Amino acid sequence: EDKVVQSPLSLVVHEGDTVTLNCSYEVTNFRSLLWYKQEKKAPTFLFMLTSSGIEKKSGRLSSILDKKELSSILNITATQTGDSAIYLCAVEAGAGNMLTFGGGTRLMVKP
Amino acid sequence: ETGVTQTPRHLVMGMTNKKSLKCEQHLGHNAMYWYKQSAKKPLELMFVYNFKEQTENNSVPSRFSPECPNSSHLFLHLHTLQPEDSALYLCASSRGVGTVEKLFFGSGTQLSVL
């Protein structure tokens, strides 16, 4: 059975801090790893990673995949209160577009 | 706005009620999905439709009945639910199934079963 584990479960930081969120997976026939941000209800897409070692960057957010270690990290630098959300990691494996989600990391950024 | 609209936003129902959740996507996608998000549990895939045909039923109890009349609309019919079915039900769409594609999610229906 495919498995995706995120850590930490929750995190409280202050504005300006840098955070690193972790995602590890055990799946058969890995295809891609995706990061989503869920602020209220609708998860919104952040990154899709398919190749190991290539960093994807969007503003203060960046992510990288390590296929050898079966993991990915999501970095957020100079955090802002608007970064407060649940960050979801999902892995697509096997045929089709069936994503297996991790339990998420709840990030709270205090002023 | 993700292009995927779900109604209602909130729903409270008794265990003997019958209700339906609706999802509509305006992205021209061909695949639609139902996910369940319970407290303290990962998002769980329930159903997948590709070009209106159901391609995945993730061992979901028969009290949940999906319907996909066309590629833009997806329904989830609910009957004789249990309190443990209370959760956020998220609809998603993607261009297709079988290729590496990102999902676009709706805002969900928060369901409470009394």
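Note that this is a predicted model, so its numbers are computed, not measured. We name chains A, B, ... by the order of the sequence lines, and we start the count at 1 in each one.
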Thr100(A) and Tyr25(A) side chains, donor-acceptor separation under 3.5 Å: no
Asn70(B) and His73(B) side chains, donor-acceptor separation under 3.5 Å: yes
Ring centroid separation Phe47(B) to Phe64(B) under 6.0 Å: no
Check whether [X] gets within reach of chain A through its side chain, its backbone, both or neither, counting any heavy atom under 4.5 Å.
X	result
Glu44(B)	neither
Leu88(B)	side chain
Gln110(B)	side chain

Part of Gln38(A) within contact of chain B (heavy atom distance under 4.5 Å): side chain
Leu9(A) versus chain B, the contacting section by heavy-atom distance below 4.5 Å: neither
Sole residue of Asn75(A), Thr79(A), Thr18(A), Asp83(A) in side chain to side chain donor-acceptor pair (under 3.5 Å) with Arg60(A): Asp83(A)
Arg9(B) CZ: over 12 foreign heavy atoms closer than 6.0 Å: no
